[in-house]
2 protein chains.
Amino acid sequence: MKPAPEELQRRMNHFKEGFKHSGVKLTHQRLEICHEVGKSGDHPDAEAIYRSVRKRIPTVSLDTVYRTMWLLLDLGLITTLGPHRGRVRFDANISSHHHFVCTKCGLIHDFYSEEFDHLKIPGDVKALGSVEKAHVEFRGLCLRCSKKKRKT
Amino acid sequence: MKPAPEELQRRMNHFKEGFKHSGVKLTHQRLEICHEVGKSGDHPDAEAIYRSVRKRIPTVSLDTVYRTMWLLLDLGLITTLGPHRGRVRFDANISSHHHFVCTKCGLIHDFYSEEFDHLKIPGDVKALGSVEKAHVEFRGLCLRCSKKKRKT
DNA sequence: GTTTATGCAAAACCTTTGCATTTTG
DNA sequence: CAAAATGCAAAGGTTTTGCATAAAC
């Protein structure tokens, strides 16, 4: 499910705009990393991005990939899937429930909703496999983080 | 948001049943680990569980905690937050979208839905903070994994 | 008693950091 | 040119593994 060429173009512009806007330098490496991430249809990890970029810039290093990805994340130009930076967390609550996640501090709060437990599954999702559970995640800032001054 | 005592009891029974059913041994350590996880209202990482359990079994080791958690996961008695074991993955798709996640192989597939983009936010969630985005995740087995024989 | 799980220590793995060098604006 | 970013190598943190000992069935 790779993005169409126009979509990639749009993403690249968005990345470049974001960089300029925040005054960070548009280096060769960063642009190539953005290009790789932007054209990926799956959800690559740092290693995968590193491998791809290395085809074009053989001297690029893995830590530059990480630095660039966290930069993109801080600028709100990408999101991450999975655990808040590294650690796996476990959920003992096997009854169906949903989460509010603070994008800043990583706080996760459970909530329950009959309605969300039984969301209608779209046809194109049914085609992907058998759905066992629906899980809704609301992302935003928790009260505590809202109070702190924003950095922008 | 710790579970009520009855709920903890229910969870413990569920854990024990699951263990017996699959023929793994009900060791002292495993039961204590289950107890700690079961009574946790937040979403602890391995280290946090380890620290708690060590108060009761000072000689317990961190790797036993990990082994037990993965066992619980394999038996479907807990879930993890974040799709796959450990690695951070990045998502270049900044337009609002949702995911189908295969709980077995970790495959993640994007899909779009106007409806899910604008889910009504429950009152108790509003009280937690400001919601910026809604994200729906359907979990199940992808076609490929459904075809493979189940291990049970 | 046999099989399975544990604890330890060491390894493997993923991510970050410090610093000299290079590149960007 | 000044400020910021890169690459390298080494460190930091998390998770896994091998193996002898101990515990469960």
Would you mind telling me which residue lines up with the more 5' stretch of DNA chain D, B:L26 or A:V24, judged by nearest nucleotide? A:V24
Ignoring hydrogens and angles, does a donor from either the side chain of A:K25 or the base of D:dA3 sit under 3.5 Å from an acceptor on the other? yes
Mind calculating the distance between CZ (B:R30) and P (C:dT4) to the nearest angstrom? 11 Å
C:dT6, C:dG7, D:dT6: which one has an atom nearest the side-chain heavy atoms of B:T27? C:dT6
How close or far is atom C1' of C:dA5 from atom CG of B:L75, stated in whole angstroms? 14 Å
Rounded to the nearest angstrom, tell me the gap between atom NZ in B:K16 and atom P in D:dA24. 14 Å
Determine whether a donor-acceptor pair (one donor, one acceptor, N or O, separation below 3.5 Å) exists between the side chain of B:D63 and the base of C:dC8. yes
Selection from C:dT16, C:dG7, D:dA5 that lies nearest to any side-chain heavy atom of B:T64: C:dG7
Just the rounded figure in Å: distance from P of C:dG7 to CZ of B:R54. 12 Å
Would you mind reading off the distance between B:H28 atom NE2 and D:dA24 atom P, rounded to a whole angstrom? 9 Å
Polar side chain donor-acceptor pair, B:D42 to A:H109, under 3.5 angstrom: no
Touch check for A:R67, heavy atoms < 4.0 angstrom, all strands: base, sugar-phosphate only, or nothing? base
Salt bridge (Lys or Arg N to Asp or Glu O under 4.0 Å) partners for A:D117, two or more places apart: none
Do you know the tightest heavy-atom contact between B:I57 and B:E32? CD1-CG, 3.5 Å
Sugar-phosphate only, base, or nothing, as touched by A:L62 at under 4.0 Å among non-hydrogen atoms: base
Given atom CG of B:L71 and atom P of C:dT4, what is their separation to the nearest angstrom? 13 Å
When rounded to whole Å, the CG to P distance for the pair A:L31 and C:dT24 reads 10 Å
In whole angstroms, the gap separating P of D:dT16 from CE of B:M69 amounts to 12 Å
Geometric class of the A:F111/A:H98 ring pair [parallel <30°, tilted 30-60°, perpendicular >60°]: tilted
Would you say D:dG7 has OP1 or OP2 under 4.0 Å from some side-chain N or O of A:Q29? yes
With no hydrogens and no angle check, just 3.5 Å: does a side-chain donor-acceptor pair link A:Y112 and A:N93? yes
